[in-house]
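These notes concern the structure reproduced below.
All values below come from the heavy atoms of this structure, side chains included, with hydrogens, waters and symmetry mates left out.
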Amino acid sequence: MMHNSSHVRFFFLSGLNESMDLRVALFSVTLLCYCFIVLVNVAVVVAIVLDKNMHEPMYILLCTLCINGLYGTTGFYPKFLWDLLSPVHVISYSGCLVQALVMYSYGCSDLSILALMSYDRYVAICRPLVYHSVMSKKRLLVLVSLSWFTPFCVIGTNVFLTSRLKLCSQYIARLFCVNWVIVKLACYPADTIVNNIVAYITIILYVFNGVFVVWSYVYVIKICVNSLEKRAKFMQTCVPHLTSLFFFVVTLLFDVLYMRFGSNSLPQRLKNFVAVQFLFLPPILNPLIYGFKLTKIRNRILCGIIFKTE
């Protein structure tokens with residue numbers, strides 16, 4: 001798989017070079033941020049797992065979303081924290097490919113889970129009589145498994161194709177490894193044609209996820225307009241999801257568009273800020289938005305805190 005490793009055995013991540021004068025402050029803020037991400041996501045996951053009343057599709061999907069957030073951030077923050085303490089920012093060839101796989105399988109899984117959540121709300125509000133048969137535990141298990149397995153295979157295919165390229169540079173001007181950036185290091189651009197085709201197919205595939213979400217909510221909003229009861233249900237369960245979806249799509253889309261079409265003349269610190277948004281905002285906002293908005297989760301977490309303090 002990695003036959004070109006004899007040419008490139010490791011990469012230098014140069015994204016931090018201009019920020020080393022702030023590394024102590026950056027390390028402190030990043031460590032605090034990562035600990036907070038772990039704390040709030042684990043709190044939501046534990047609250048849902050321990051409370052049998054929340055073993056329902058909506059909460060199980062939220063639990064899946066938080067676990068996926070922990071998976072994605074674990075692929076970035078520990079290595080980034082280590083780099084902040086190191087004079088040289090190096091990652092092995094295989095480690096770089098694994099990080100690229102983790103970063104974007106996380107992103108695609110998040111989109112898949114958010115699409116499932118929109119479908120769940122569509123069935124719950126628009127087709128309530130068949131909700132439990134459509135969103136049965138067996139079907140939910142299959143859908144959740146696919147939301148993880150499919151992105152892993154899709155991004156894994158992209159990374160596998162990248163591993164076959166002969167690279168002529170070891171320098172990545174990013175804070176972490178990104179598949180498309182590695183592809184641009186190829187010695188012969190003609191060798192990357194298949195990579196480009198598969199990458200655009202991947203983008204189109206997950207754009208359809210976004211279209212599916214919009215379609216689901218168009219129908220939900222139509223149903224809710226004339227019903228006070230359904231409007232209240234929409235505000236309680238759909239607004240948090242739409243908020244999470246908005247932040248995630250905007251941050252991920254901004255990074256993807258900048259990576260493919262952005263200018264190289266922008267300051268490195270601004271590039272870094274753009275690059276980490278999808279690893280910063282969604283993992284923090286998802287559990288906070290749902291934790292505060294959904295009564296069952298909020299009450300369960302508050303009860304746990306009160307019980308421990310007594």
Side-chain angles (χ1 to χ4, degrees), residues 2 4-5 7-27 29-30 33-34 72-108 155 158-159 161-193 195-196 198-200 202-203 250-281:
M2 299 177 188
N4 68 340
S5 59
H7 299 279
V8 175
R9 294 187 180 276
F10 51 84
F11 293 99
F12 293 97
L13 302 174
S14 59
L16 263 179
N17 289 353
E18 294 183 11
S19 304
M20 290 310 288
D21 54 325
L22 300 171
R23 66 179 180 175
V24 175
L26 280 173
F27 179 85
V29 171
T30 303
C33 174
Y34 182 49
T73 52
T74 301
F76 168 69
Y77 283 96
K79 175 66 172 72
F80 181 60
L81 288 166
W82 178 261
D83 284 344
L84 286 169
L85 298 177
S86 305
V88 180
H89 313 130
V90 177
I91 187 169
S92 68
Y93 177 82
S94 56
C96 192
L97 292 183
V98 169
Q99 190 179 53
L101 173 63
V102 170
M103 291 294 94
Y104 285 92
S105 62
Y106 149 71
C108 292
I155 301 301
N158 282 268
V159 173
L161 291 171
T162 300
S163 72
R164 299 167 61 85
L165 298 174
K166 182 179 179 181
L167 307 180
C168 284
S169 176
Q170 296 175 293
Y171 295 91
I172 297 176
R174 302 270 296 197
L175 298 176
F176 56 89
C177 294
V178 178
N179 187 61
W180 178 247
V181 176
I182 302 171
V183 170
K184 292 198 289 187
L185 301 178
C187 298
Y188 309 107
D191 292 345
T192 67
I193 292 174
N195 297 72
N196 290 330
V198 173
Y200 283 116
T202 302
I203 291 171
V250 168
T251 54
L252 186 61
L253 189 63
F254 201 52
D255 182 48
V256 170
L257 290 176
Y258 173 75
M259 185 167 53
R260 295 217 165 221
F261 309 110
S263 169
N264 290 325
S265 62
L266 291 177
Q268 185 63 48
R269 290 180 182 179
L270 179 58
K271 294 179 186 179
N272 293 343
F273 178 78
V274 171
V276 300
Q277 289 310 297
F278 83 107
L279 293 161
F280 172 70
L281 285 178

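Looking at Tyr106, its side chain never comes within 3.5 Å of a backbone N or O of Thr74 through a donor-acceptor pair. Not a single donor-acceptor pair under 3.5 Å links the side chain of Thr192 to the backbone N or O of Asn195. No donor-acceptor distance shorter than 3.5 angstrom exists from the side chain of Thr30 to the backbone of Phe27, with no hydrogens or angles considered.
Of the options Trp180, Phe278, Phe76, Phe176, a ring pair (Phe, Tyr, Trp, His ring centres under 6.0 Å) to Tyr104 is made by Phe278 and by none of the others.
A distance of 11.5 Å separates SG of Cys96 from CG of Leu101, quoted to the nearest 0.5 Å. Distance check, rounded to the nearest 0.5 Å: CG of Leu279 to CE of Met103 gives 5.0 Å. Distance NE2/His89 to CD1/Ile172: 14.0 Å, rounded to 0.5 Å. To the nearest 0.5 angstrom, Leu167 atom CG is 8.5 Å from Thr162 atom OG1. Taking CZ of Phe11 as the reference point, atom OH of Tyr93 lies at 6.0 Å (rounded to 0.5 Å). Between the CG atom of Asn179 and the OG atom of Ser105 there is a distance of 11.5 Å, given to the nearest 0.5 Å.
Minimum interatomic distance between Cys187 and Pro189 (heavy atoms only, all atoms of both residues): O-CD, 3.6 Å. Minimum interatomic distance between Val183 and Leu165 (heavy atoms only, all atoms of both residues): CA-CD1, 4.1 Å.
Proximity of Ile182 to Leu97: side-chain heavy atoms (C-beta onward) are separated by under 4.5 Å at one or more points. Proximity of Leu13 to Cys177: side-chain heavy atoms (C-beta onward) are separated by under 4.5 Å at one or more points.
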